[in-house]
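Working notes, beginning with the structure itself.
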Amino acid sequence: MTIRVYNTLSKTKEEFQTVTPGKVGIYLCGPTVYAEAHIGHMVGPVIFDTVKRYLVYSGYEVNLVVNITDVDDKLIKKATERGISMEEVANENIADYLHNLAALGVDQIDQMPKATETMDGIIAMVAELIEKGFAYASEGDVYFEVTKDPEYGKLTNRTVEAMQGEGGEAASRKRSPGDFALWKKAKAGEPSWKSPWGDGRPGWHIECSAMSKAILGETFDIHGGGLDLIFPHHENEIAQSECCHAKPMVKYWMHNGLLRSDPAAGKIGGRAEREGAAEAGGKMSRSGGAGGLAKLIERQSGERIRFFLLRTHYRSTILFSEEAIAEAGIGLDSFYRLFERYERLTGESFFDLPAAKTRKEGDFEPKKSELLVAIAKHRDAYLEKMDDDFNTGGAVSELFEMARLINKTIDQQKLEGDKSADLTNIKKAFSVLRELTGILGIFVTAPEKSSSGDSELVGQLMQLLIDVRASARQKKDFEMSDVIRDRLTAMGVTLEDRKEGATWRLG
RNA sequence: GGCGCCGUAGCCAAGUGGCUAAGGCAGUGGAUUGCAAAUCCACCAUCCCCGGUUCGAAUCCGGGCGGCGCCUCCA
């Protein structure tokens, strides 16, 4: 029951041991809020939300921090184009981001610091780096001097010598091309903060070093982000933080794989939009990219997207398509039918079932029930997989196995319609299912039933049709009963006949 | 060119040295049903190719072929 975590720094799975016993600090690189979120931005949050759930379930006290980078060249550009302030641009996109996170069931984030609210810490850190000889001021900018850090490049196995870069526009102000900006001098009209080096704003990487230090301390447990951030962002974070503090910054660097829209189109976010005319044939919209995420969520539901992401191991590349999400959704639906079955059986909602909140609490001795012996076995397998670097993809298979077992038991023991049946074991099995699905952040709350004013009327009309059809069936008037059912099917309503009467559902 | 990842059934995807290679979607056959739907049962892969290590490899090593990422302020 030890958790093992793949560490990008060591390129191996390591046994998880926290800096402070029983406590875990996680810092996830959040978005730079210059545009609406696309689905790629959701991957990290969904994964680390799940990681936190599992660590909490395993008995840890977890502090999950996701930052917002709200000062950056792209934000300034956007603000200028639209003639509004950088803050307004940021606020719009933060609202969009939060809305999308909520839709995907990401509710485990404890703190969301903003770069602009950490300016004192950023300036103090830059000053300390200069003082310690790792950074230098140059014409109002401040650069980190990579050659002063003997360990520079350790995360990505690069050497300073191998850094081919030409240094970009700032080359003339840098001592060597690999040096990166800690502080950038403000141009006229740009948002800026006062500093010992003149008015300016932070470079890209320093805000994460400053925010993580302020909230989680100089050494913390897990730092996460997309694979694309390893270099240069995380490499530079390590350099800054460790040169500043002379101690390891992070115990485990965890990087999630990226989403791809389709083999030809390439990646989803990032630079593609800058490729001008090429624009890869509108792949952003096709991929639910910029502007498309909210609509995608409306069409497919956030939970489907979450499940789709969690079906695959977090370090894998996921080939994204709406079809693939819909397919994952079919699997999810089978659980919902099982939950409806639970409701028919017990008269209670699956979503009201009490379930263990921790692994210890959930441990149980199955005793004589064949069902519970099997359930316990799959629960163990599920937890073993989660222990192994949060293998959610493998864990999901155990959930399907459990669902099958429960359905099978209900079938074989003919529990439906049997009022006198002993449901103790079945309830226990469902409760274990609830315990484990909760770790993935799925099936947490009952799905929203249509709250529109006419839903009651629809329900009554449906009941009328069902009653009429039942009476036709009783008279063996199958022509009539089939017409009713076929017409409903054509409308997207599925009827299911049962001994206790028919039920209906959309889809 | 440098650093790194990946190639498992029609599709998606676990497994990374040893029981019958998870699970999902799709499909086929069966149980159930008036017929369906839902559910259950059964069937459905020897793991890109070649060579090596080993008693034994999808799993390790070498070489191919193929796909992808980073090296450019993209999660």
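So you know, we letter chains A, B, ... as the sequences are listed, proteins then strands, and number each from 1. No experiment lies behind these values; they were computed from the predicted model shown.
Relative to the six-membered ring of A:Y143, A:R173 misses at least one condition, a distance below 6.0 Å or an angle of at most 45° to the axis.
Within the nucleic acid shown, A:G153 has no heavy atom closer than 4.0 Å to any nucleic acid atom. Contacts of A:S316 with the nucleic acid, taken as non-hydrogen atoms under 4.0 Å apart, involve only primed sugar atoms and P, OP1 or OP2. Using a 4.0 Å heavy-atom distance criterion, A:L229 is classed as a sugar-phosphate-only contact. Contacts of A:L399 with the nucleic acid, taken as non-hydrogen atoms under 4.0 Å apart, are absent.
Phosphate proximity of B:A13 to A:T392: absent, as no side-chain N or O sits under 4.0 Å from OP1 or OP2. Of the side-chain N and O atoms in A:N256, none sit less than 4.0 angstrom from OP1 or OP2 of B:A75. Between B:A38 and A:N407, no contact under 4.0 Å exists linking OP1 or OP2 to a side-chain N or O.
At a cut-off of 3.5 angstrom, counting only N and O atoms as typed in the model, there is no donor on one side facing an acceptor on the other between the side-chain of A:D411 and the base of B:C41. Side-chain N/O atoms of A:E398 and base N/O atoms of B:G23 include no donor-acceptor pair closer than 3.5 Å. Under 3.5 Å, the side chain of A:R315 and the base of B:C5 form no donor-acceptor pair of N or O atoms.
Rounded to the nearest Å, the gap between the C1' atom of B:A13 and that of B:A58 is 14 Å. Between the C1' atoms of B:G2 and B:G56, the separation comes to 38 Å (whole Å). Nucleotides B:U59 and B:C3 are separated by 25 Å at their C1' atoms, to the nearest Å. Atom P of B:G10 sits at a distance of 9 Å from the matching atom of B:U46, rounded to the whole Å. The same atom, C1', is picked in B:C11 and in B:A45; the two are 13 Å apart, to the nearest Å. One C1' atom belongs to B:G24, the other to B:G64, and the distance between them is 34 Å to the nearest Å. Straight-line distance between the C1' atoms of B:C60 and B:G15: roughly 16 Å, to the nearest whole Å. Between the C1' atoms of B:C47 and B:C70, the separation comes to 29 Å (whole Å).
The nearest whole Å value for the distance from the NZ atom in A:K414 to the C1' atom in B:A31 is 11 Å. To the nearest angstrom, P of B:A75 lies 13 Å from NE2 of A:H205. The separation between A:L155 atom CG and B:C71 atom P is 14 Å, rounded to whole Å. With rounding to whole Å, A:W253 atom CH2 is found 16 Å from B:A75 atom P.
When distances run from any side-chain atom of A:D482 to the nucleotides B:C40, B:G69, B:G34, the shortest one goes to B:G34. Looking at the side chain of A:R505, the nearest of the listed nucleotides B:A37, B:U39, B:G23 is B:A37. You'll find that the side chain of A:N391 is closest to B:G15, out of B:G34, B:G15, B:C40. Of the candidate nucleotides B:C40, B:C70, B:G34, B:C40 has the atom nearest to the side chain of A:K408. Taking the side chain of A:R311 as heavy atoms from C-beta on, and the options B:C12, B:A75, B:C71, the nearest nucleotide is B:C12. Taking only side-chain atoms of A:E401, from C-beta outward, the nucleotide of B:A37, B:C71, B:A22 with the closest atom is B:A22. Side-chain proximity of A:S397 to B:G23, B:U39, B:C70: nearest is B:G23. Of the candidates B:C41, B:U39, B:G34, the closest approach to any side-chain atom of A:R404 belongs to B:C41. If you check B:G34, B:A26, B:A75 against the side chain of A:I330, the one that comes closest is B:A26. Set against B:C71, B:G34, B:C68, the side chain of A:R260 has B:C68 as its closest nucleotide.
In summary, the side chains of A:H234 and A:H255 do present a donor paired with an acceptor at a separation below 3.5 Å, with no hydrogens or angles considered. With 3.5 Å as the limit, one finds no donor-acceptor pair spanning the side chains of A:S397 and A:E401.
B:G23 has no base stacking with the ring of A:F400 when judged by centroids under 5.5 angstrom apart and an interplanar angle below 30°.
The side-chain heavy atoms of A:I3 and A:F390, taken from C-beta on, include a pair separated by under 4.5 Å.
Within the model, atoms CH2 of A:W197 and CG of A:D141 stand 11.5 Å from one another, a figure rounded to the nearest 0.5 Å.
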Dump the intermediate steps for side chain to side chain donor-acceptor pair (under 3.5 Å) on A:E303 and A:Y336, then the final yes or no.
CA-CA 12 Å; A:E303 186 169 55; A:Y336 278 109; 2.3 Å; yes
One pair to check against side chain to side chain donor-acceptor pair (under 3.5 Å): A:N67 and A:Y27. What are the steps and the verdict?
CA-CA 8 Å; A:N67 76 283; A:Y27 184 93; 3.3 Å; yes
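For residues 43-52 of chain A, the pairs satisfying salt bridge (charged side-chain N to carboxylate O under 4.0 Å, His left out) are A:D49-A:R53, A:D49-A:R306, A:K52-A:D110, with sequence neighbours left out.
Under the Watson-Crick or G-U wobble criterion, with both distances below 3.5 Å, B:C35 is left unpaired in every strand shown.
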